[in-house]
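Shown next, in structure tokens, is the structure this report addresses.
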2 protein chains.
Amino acid sequence: MIYQEVYYGCMTTAPQPHHRIAFLLSQLGSDAASGFERALQALDITASDAGLLRLIGRDPGVSQRALSAQVGVGPSRIVAVLDRLEGRGLIERRRSRADRRIHEVVLTEEGERVLGNIRPLAEAHESAFTECLDVEEVELLQNLLARIADFRGLSLDVHAGTSTS
Amino acid sequence: MIYQEVYYGCMTTAPQPHHRIAFLLSQLGSDAASGFERALQALDITASDAGLLRLIGRDPGVSQRALSAQVGVGPSRIVAVLDRLEGRGLIERRRSRADRRIHEVVLTEEGERVLGNIRPLAEAHESAFTECLDVEEVELLQNLLARIADFRGLSLDVHAGTSTS
DNA sequence: TATTGTTATACTCTATAACTATA
DNA sequence: TATAGTTATAGAGTATAACAATA
């Protein structure tokens with residue numbers, strides 16, 4: 001939560017009472033992110049960890065450099081994060097034989113198990129946001145949000161969800 | 001941006017392709033918050049600063065303790081933040097004569113001026129999110145988002161926007 | 001005794017620059 | 001020379017505990 005919390009600090013003084021989509025989005029987005037973090041505490045991992053595990057599960061043997069770029073964590077930071085995940089037995093680092101500079105990162109069996117437990121938590125978390133809407137409203141809302149995201153030039157990575165199932 | 005960025009790190013691996021409101025919200029919320037930060041750079045303040053200035057403008061003479069509670073920044077952190085704002089000549093601290101433990105925080109003239117410049121930036125920022133929708137869609141979206149926020153138990157502080165105008 | 005503002009400390013995340021070993 | 005991983009360092013934000021002045 002980088003962005004979310006700062007704007008959130010401004011929450012109690014919304015700029016406009018009638019027309020404040022951006023404000024509502026930042027507030028709800030912050031809530032969604034922190035709620036997801038809270039849900040993942042059941043697995044004793046962070047949302048950032050979950051993203052890493054998904055990427056590694058999708059692309060076994062991926063390099064730390066590639067992970068760093070995809071998850072946006074910085075090449076030096078990724079070292080400590082992977083150290084921790086390796087210490088917990090969720091991932092392993094193997095020297096590539098093609099290019100001995102590279103560490104190929106793979107999931108352990110335990111890592112696969114934890115990864116498999118993320119999806120149901122994510123689905124429950126999703127439900128916690130859409131429970132108060134009916135099916136048509138959810139679809140409508142998703143359509144509106146997707147249009148804004150597209151308008152804002154955000155990459156939605158629509159294919160990501162299917163690759164870890 | 002606390003929550004936002006962490007969840008955002010998971011962005012490339014959205015849990016569900018078809019039904020992922022929470023994910024979209026966190027993504028758009030992060031974008032909204034960082035965009036607001038960027039807009040405020042024109043005034044050389046952060047979103048957190050903007051929230052503080054609004055609160056002080058609304059309640060001149062407010063104590064640091066009250067500010068800390070309202071903005072969620074922590075009593076010790078607020079000291080450094082106010083030091084910086086005071087160093088820039090945007091606010092002043094005055095010893096309360098009723099209770100000499102209290103610092104009454106007020107805006108300077110320059111602080112009032114900067115505060116007055118926040119609203120147009122916030123409105124422009126708002127437009128950057130709603131430009132791609134027509135009026136009915138904006139109203140519909142706001143209604144859906146407000147219902148989720150209410151369902152999630154988030155305090156919207158509907159009256160805040162009118163008090164600084 | 002409790003509270004306000006303050007200082008100090010530790011912990012996390014971020015960003016940057018250097019270092020090593022490989023290529 | 002360039003790159004992958006690593007280490008070290010400094011900065012910002014958060015949280016906590018302690019302290020002096022005041023109530």
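The sequence lines fix the lettering, A, B, ..., with proteins before strands; numbering per chain opens at 1.
- Taking every side-chain heavy atom of B:H103 into account, C:dG5 is the closest of C:dG5, D:dG13, D:dT22.
- Each of A:R100 and A:G74 lies near DNA chain C, and the nucleotide nearest A:G74 is the one positioned closer to the 5' end.
- With D:dG5, C:dA23, D:dA23 as the choices, the nucleotide that has an atom nearest any side-chain atom of A:S63 turns out to be D:dG5.
- Looking at A:R95 and A:E104, their side chains never come closer than 4.5 Å, going by heavy atoms from C-beta outward.
- Whole-Å rounding puts the A:R65 CZ to C:dA21 P distance at 17 Å.
- Taking atom CZ of B:R95 as the reference point, atom C1' of D:dT22 lies 9 Å away to the nearest angstrom.
- Spacing between atom CG of B:D49 and atom P of D:dA12 amounts to 13 Å, rounded to whole angstrom units.
- To the nearest 0.5 Å, atom CG of residue A:L90 and atom CG of residue A:L85 are 5.5 Å apart.
- Checking the phosphate oxygens (OP1, OP2) of D:dA4, no side-chain nitrogen or oxygen of A:R93 falls inside 4.0 Å.
- Salt-bridge annotation for A:E86 and A:R84: absent, with no side-chain N of the basic residue lying under 4.0 Å from a carboxylate O of the acidic one.
- Straight-line distance from the CG atom of A:L67 to the P atom of D:dT6: 12 Å, rounded to whole Å.
- B:S68 contributes no side-chain N or O that, together with a main-chain N or O of B:Q64, makes up a donor-acceptor pair within less than 3.5 Å.
- Distance B:L85 CG to C:dG5 P: 15 Å, rounded to the nearest Å.
- When the nucleotides D:dT14, C:dT7, D:dT22 are ranked by their closest atom to the side chain of B:R77, D:dT14 comes out on top.
- Comparing D:dA21, C:dT22, D:dA17 against the side chain of B:R101 picks out D:dA21 as the nearest.
- To the nearest angstrom, P of C:dC11 lies 16 Å from CZ of A:R84.
- Taking atom CD1 of residue B:I78 and atom P of nucleotide D:dT16, one finds them 16 Å apart after rounding to whole Å.
- Look at CD on B:Q64: it is 19 Å from P on D:dA20, rounded to the nearest Å.
- Residues A:S76 and A:I102 each lie close to DNA chain D; by heavy-atom proximity, the contact nearer the 5' end of the strand is made by A:I102.
- Counted by atom type alone, B:R20 and A:Q142 present zero donor-acceptor pairs between their side chains at under 3.5 Å.
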